[in-house]
Each structure stands twice: as C-alpha cells, then as structure tokens.
Amino acid sequence: SQQGEEDPQALSIQEGENATMNCSYKTSINNLQWYRQNSGRGLVHLILIRSNEREKHSGRLRVTLDTSKKSSSLLITASRAADTASYFCATAHNTDKLIFGTGTRLQVFP
Amino acid sequence: DTAVSQTPKYLVTQMGNDKSIKCEQNLGHDTMYWYKQDSKKFLKIMFSYNNKELIINETVPNRFSPKSPDKAHLNLHINSLELGDSAVYFCASSQTLAGVGEQYFGPGTRLTVT
C-alpha cells in the first residue's frame with residue numbers, strides 16, 4: 001500500500017510546548033501536504049511542500065521534507081489548546097490523487 | 001459563504017436501502033472528490049471528477065455511483081446499502097488535479113447503516 005505512516009499515533013502535551021509529528025512514505029512524490037481535522041469536522045489544508053523543497057514555514061508551523069529518507073515532519077511551536085486535532089500527511093505521487101497517512105491525534109492540555 | 005457543502009450531515013438508514021449524498025462547491029474549482037473515512041480515521045479516495053469527467057474510480061463497488069451534473073456539484077448515490085458502508089464520507093475540491101495543489105473539504109456526512 002502507498003499509504004503513509006504517521007508517528008506517533010497519539011501525542012499529549014501541555015500548552016506552550018512544541019509538538020512534532022512525523023510522516024513516512026514509500027514511493028517518490030511530487031509534493032507532500034499536511035492537513036488538520038478537528039473532531040467531527042472536515043480536513044483543513046495547512047501547508048504544502050514540494051519535492052524540491054526541504055523546509056517550509058507558516059506561522060507556528062514548520063514542515064521539513066527529506067526525500068532521501070522518504071519522510072516529513074510537522075512541528076507546531078508554542079502549542080495551544082485549540083491545536084487539539086488529528087493531523088494527516090498526504091502525498092501526491094502523480095497528478096491524480098492524494099494518499100493520506102494514518103494520522104496523529106494531538107491533545108494539548110491547558 | 002461555505003466553500004464546500006454537503007447534505008445531509010447525518011444519514012441513518014437500514015441495510016438494503018438506497019441513499020444519496022449531495023456536494024456543492026462555490027470555489028470555482030475544476031476537480032471534485034469523494035473520500036471515505038472509516039472508524040479508524042483512515043481516509044481513502046473513492047472518486048474524482050475533473051470538469052465533470054470521471055478521473056479516478058478506486059475499485060469502489062458499483063453500488064456507489066457518482067454523478068457530476070456540472071463542475072460545482074458532485075453527488076454520490078449508494079444502492080443496496082450494507083453495514084460496511086457505515087463511515088464518514090467527505091466531499092472535496094481543488095483548483096486543478098489532485099497531485100498539484102491543496103484540497104478543500106466539506107464537513108462530512110456520517111452514514112450509519114443498521
């Protein structure tokens with residue numbers, strides 16, 4: 001299966017701490033995207049990183065991509081209770097579709 | 001102002017029934033999708049349409065039939081519902097083809113088959 005694996009499956013931290021989640025995939029990609037899903041809601045796009053990029057920032061989010069290791073990480077700095085959600089990576093291997101990872105459930109305690 | 005909307009939000013029905021879920025996007029996007037998210041939160045593509053043309057059909061049983069009357073709408077009809085069809089179904093859209101840019105998701109339709 002091409003499905004990405006995310007690690008950890010679940011993560012609990014205190015407000016103000018940083019949260020790091022990782023995504024690994026199996027075949028070469030065009031780009032990798034991160035999405036957030038709040039409980040009972042649809043997914044929201046956070047950031048897209050192309051295969052020729054190594055790092056990207058958006059506000060408190062930092063994404064890295066290592067194509068040699070076929071892995072990416074999402075860092076959320078200075079987390080807030082409102083960051084509590086599931087986070088999914090999605091890989092684009094061609095122009096047809098995105099393959100979503102298994103997700104990381106993040107719980108941020110106030 | 002909802003970008004991608006779906007109706008209904010909840011659908012409870014019995015095995016063997018036929019049901020439809022509707023999706024509309026007001027973003028002017030060319031491509032629309034249906035995804036299925038199971039109880040373990042795995043999200044899997046079912047169908048995608050680009051300018052009303054079917055692009056992807058991911059080995060979904062033919063009880064599932066998508067219909068795109070125009071670029072802004074992609075409906076999903078399900079015949080002879082089975083227990084295993086219980087899941088959350090998400091509609092999504094993107095400006096161009098899936099692998100190029102970001103996708104915008106609807107709020108989901110939680111389907112429960114009893």
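What you see is a predicted model; the values in this text were computed from it and never measured. In what follows, chains carry the letters A, B, and so on, assigned in the order in which the sequence lines appear, proteins first and then strands, with residues in each chain numbered from 1.
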Handout entry: N-O pairing of A:K97 and B:E58 below 4.0 Å
Key = yes
Problem - side chain to side chain donor-acceptor pair (under 3.5 Å): pairs with one or both residues in residues 40-57 of chain B, sequence neighbours excluded - result: B:T31-B:N50
Handout entry: Note: A:R36-A:D83 ion pair, threshold 4.0 Å (strictly below)
Key = no
Exercise for the section: Using non-hydrogen atoms and a 4.5 Å limit, figure out which bit of A:L48 sits close to chain B: side chain, backbone, both or neither. Expected result: side chain
Problem - Stepwise side-chain contact (heavy atoms from CB on, under 4.5 Å) test for B:K19 and B:L81 - result: CA-CA 8 Å; B:K19 290 293 177 186; B:L81 278 154; 3.6 Å; yes
Handout entry: Interface moiety of B:Q6 toward chain A, non-hydrogen atoms closer than 4.5 Å
Key = neither
Exercise for the section: Against chain B, label A:R105 side chain, backbone, both or neither, depending on which of its atoms sit under 4.5 Å from a heavy atom there. Expected result: neither
